[in-house]
S.K.: 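Here it is: the structure, laid out below.
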There are 2 protein chains.
Amino acid sequence: MTYPPGDRMAEGATGTAERRGRPRNAAVDTAVVETVLRLLEEGTTIGDLSMERIARETGVGKATLYRRWAGKEELMVDVLRSLDAADPELPGRSAREDLVLLLEGLRRRGLAKRSSVVLRTVLGQVKAQPRLWKEYHDTVILARRETTVAVIRRGMATGELRADLDARLLSELFVGPMLSRAVFHESEELPEGLAEEIVDAVMEGARPRP
Amino acid sequence: MTYPPGDRMAEGATGTAERRGRPRNAAVDTAVVETVLRLLEEGTTIGDLSMERIARETGVGKATLYRRWAGKEELMVDVLRSLDAADPELPGRSAREDLVLLLEGLRRRGLAKRSSVVLRTVLGQVKAQPRLWKEYHDTVILARRETTVAVIRRGMATGELRADLDARLLSELFVGPMLSRAVFHESEELPEGLAEEIVDAVMEGARPRP
DNA sequence: CCCATACGATACGGACCCGTCTCGTATTGG
DNA sequence: CCAATACGAGACGGGTCCGTATCGTATGGG
């Protein structure tokens, strides 16, 4: 699932592309990333994640790690990539349906300890690891926002949604409540049906209709 | 501003309450907490914060730290406490006004690097430091939610807000969009007037009114 | 067959950290 | 004045980590 890097060691230009000796064991790449995810799920901080420990827990030599990644940061970037979940299919029949599907995707993601823990951890390391943050922000956060904004615009075009509001603001009206629950609270607070509840409530508004 | 602890060392019950020798320098308590906040603002991870470094950067002996706090976790709890910002005064004239004030408080908080960075950092350490999380969750997150829910209920009672929705869900409709911006995006995305925009949009709903 | 490379294991020097303790000095109460 | 405590500085033993190097052993390509 992970797709670790090609060879990063390249000391000189000596490298003829033809690799000669024993080939790398691809299973190791996967196993390492899985170990990191498991440790994160179990509550380990990025700060507490050492290459030494990762090697130990994977049952692998340190050299095997350094043969693949130049350091912790490089490894982490690959770990993040491995979390890229496919966006849900959006049938496009109605804005409401698409929005519910999007939020439902978020809800499931919040329920999967794996991504929610990683999410929190990543958020906490933003400034310390600008590369990690940029990677995550650009590939995950911005991508989701663009998808959502596109749905909003379609809804505006069909008259399903008010066209007099900023599309991005509107998208966050839908997404924000689900995200804040996923990030700030616990998984018991992400019950089934929450996606519909939020979408319908935002659609109708908080003010009583006459 | 910070109010560090009384003496935590209490080895035995020997402690007669009358303190004899040189009294502690209260300025040190403040200076230490300020140092930690500064380091966090500058992007230091909790994991990279060592007692040794905190002492060094504050210009203080390690013993001085350990005289006040039993360890890093205790110190961090006090750091978090020092961030408790007074909740804004809620005049209670209308739900809309109160909600705008609440969200405006969040916006300002997101703008203050100090709290937003600490917020992200804390979120990232949740599982690794259950005590920290509980402290933060209970004193900050739950308190805010309760305040918001109270406002919502008042609005329901006066007919300003729909009474057919769960008050907590409704509160998150208002708070979530502001929070998700503050946490996931950058401070340029927290423009003046955002609080009103969100409140009004949620009030009216996303569906066109007839 | 043979040589390049991968593998797990482990040792290495250097860095930093923890929490305690000991200096010499400052500052208080009694 | 004196006993008690605080202070900055830093030594101390014990730990973990980093990134590199070196084992002996697998496992492939040419």
S.K.: side-chain hydrogen bond (donor to acceptor under 3.5 Å, both in side chains) for Thr148(B) and Ser171(B)? Distances and angles first, verdict last.
M.R.: CA-CA 6 Å; Thr148(B) 316; Ser171(B) 80; 5.6 Å; no
S.K.: Between dC7(C), dA21(D), dA6(D), spot the one nearest the side chain of Arg22(B), thanks.
M.R.: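 In terms of side-chain proximity for Arg22(B), the closest of dC7(C), dA21(D), dA6(D) is dA6(D).
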S.K.: Assign Ala63(B) to base, sugar-phosphate, or nothing according to its heavy-atom contacts below 4.0 angstrom with the strands shown.
M.R.: base
S.K.: Does a salt bridge link Asp98(A) with Arg154(A), judged by any charged N lying under 4.0 Å from a carboxylate O?
M.R.: yes
S.K.: Select one nucleotide: of dG28(D), dA9(D), dC18(C), the one nearest the side-chain heavy atoms of Tyr66(B).
M.R.: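 Of dG28(D), dA9(D), dC18(C), dC18(C) is nearest to the side chain of Tyr66(B).
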S.K.: Taking for each residue the nucleotide of DNA chain C bearing the nearest heavy atom, is the 5' side occupied by Pro23(B) or by Gly59(A)?
M.R.: Gly59(A)
S.K.: For Arg145(A), does the CZ atom have more than 12 heavy-atom neighbours from other residues, nucleotides or ligands under 6.0 Å away?
M.R.: yes
S.K.: Could you check how far CG of Asp48(B) sits from C1' of dC18(C), rounded to whole Å?
M.R.: 16 Å
S.K.: By nearest atom, which of the nucleotides dC3(C), dC17(D), dA3(D) is closest to the Arg20(B) side chain?
M.R.: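 Looking only at side-chain atoms, Arg20(B) lies closest to dA3(D).
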S.K.: CD of Glu73(A) versus P of dG19(D): gap in Å, rounded?
M.R.: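 Roughly 11 Å, once rounded to whole Å.
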S.K.: Round to a whole Å and report the spacing from CZ of Arg56(A) to C1' of dT16(D).
M.R.: 9 Å
S.K.: In whole angstrom, what separates Leu75(B)'s CG from dC18(C)'s C1'?
M.R.: 14 Å
S.K.: From CG of Asp29(A) over to P of dA6(C), roughly how many Å is that when rounded to an integer?
M.R.: 12 Å
S.K.: Using modelled atom types only, decide if a donor and an acceptor are shared between the side chain of Arg181(A) and the backbone of Glu189(A) within a distance under 3.5 Å.
M.R.: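 Flag set: sc Arg181(A) to bb Glu189(A) pair under 3.5 Å.
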S.K.: Using atom CD of Glu52(A) as one end and atom C1' of dG13(C) as the other, report the distance to the nearest whole Å.
M.R.: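 Answer to the nearest Å: 13 Å.
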S.K.: On DNA chain C, check which nucleotide each of Gly21(B) and Ser50(B) is closest to and give me the residue with the more 5' one.
M.R.: Ser50(B)
S.K.: Of the listed nucleotides (dC7(D), dC21(C), dC17(C)), which one gets closest to any side-chain atom of Arg53(B)?
M.R.: dC17(C)
S.K.: Nearest to the side chain of Lys72(A), heavy atoms from C-beta on, is which of dC7(C), dG29(C), dC18(D)?
M.R.: dC18(D)
S.K.: Tell me which nucleotide among dT20(C), dC7(D), dA9(C) gets nearest to the side chain of Arg67(B).
M.R.: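 The answer is dC7(D).
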S.K.: Rounded to whole Å, please give me the gap between CG in Leu65(B) and P in dG8(D).
M.R.: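 To the nearest whole Å, that distance equals 10 Å.
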S.K.: Less than 4.0 angstrom from a charged side-chain N to a carboxylate O is my criterion; do Glu42(A) and Arg38(A) meet it?
M.R.: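 Here Glu42(A) pairs with Arg38(A) in a salt bridge, since their nearest N and O are under 4.0 Å apart.
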S.K.: If you check every side-chain atom of Lys62(A), which of dC7(C), dA11(C), dC18(C) has the closest atom?
M.R.: dA11(C)
S.K.: Choose from dA6(C), dT20(C), dT10(C) the nucleotide whose nearest atom is closest to any side-chain atom of Arg24(A).
M.R.: dA6(C)
S.K.: Taking CZ from Arg68(B) and P from dA6(D), how many angstroms apart are they, rounded to a whole number?
M.R.: 8 Å
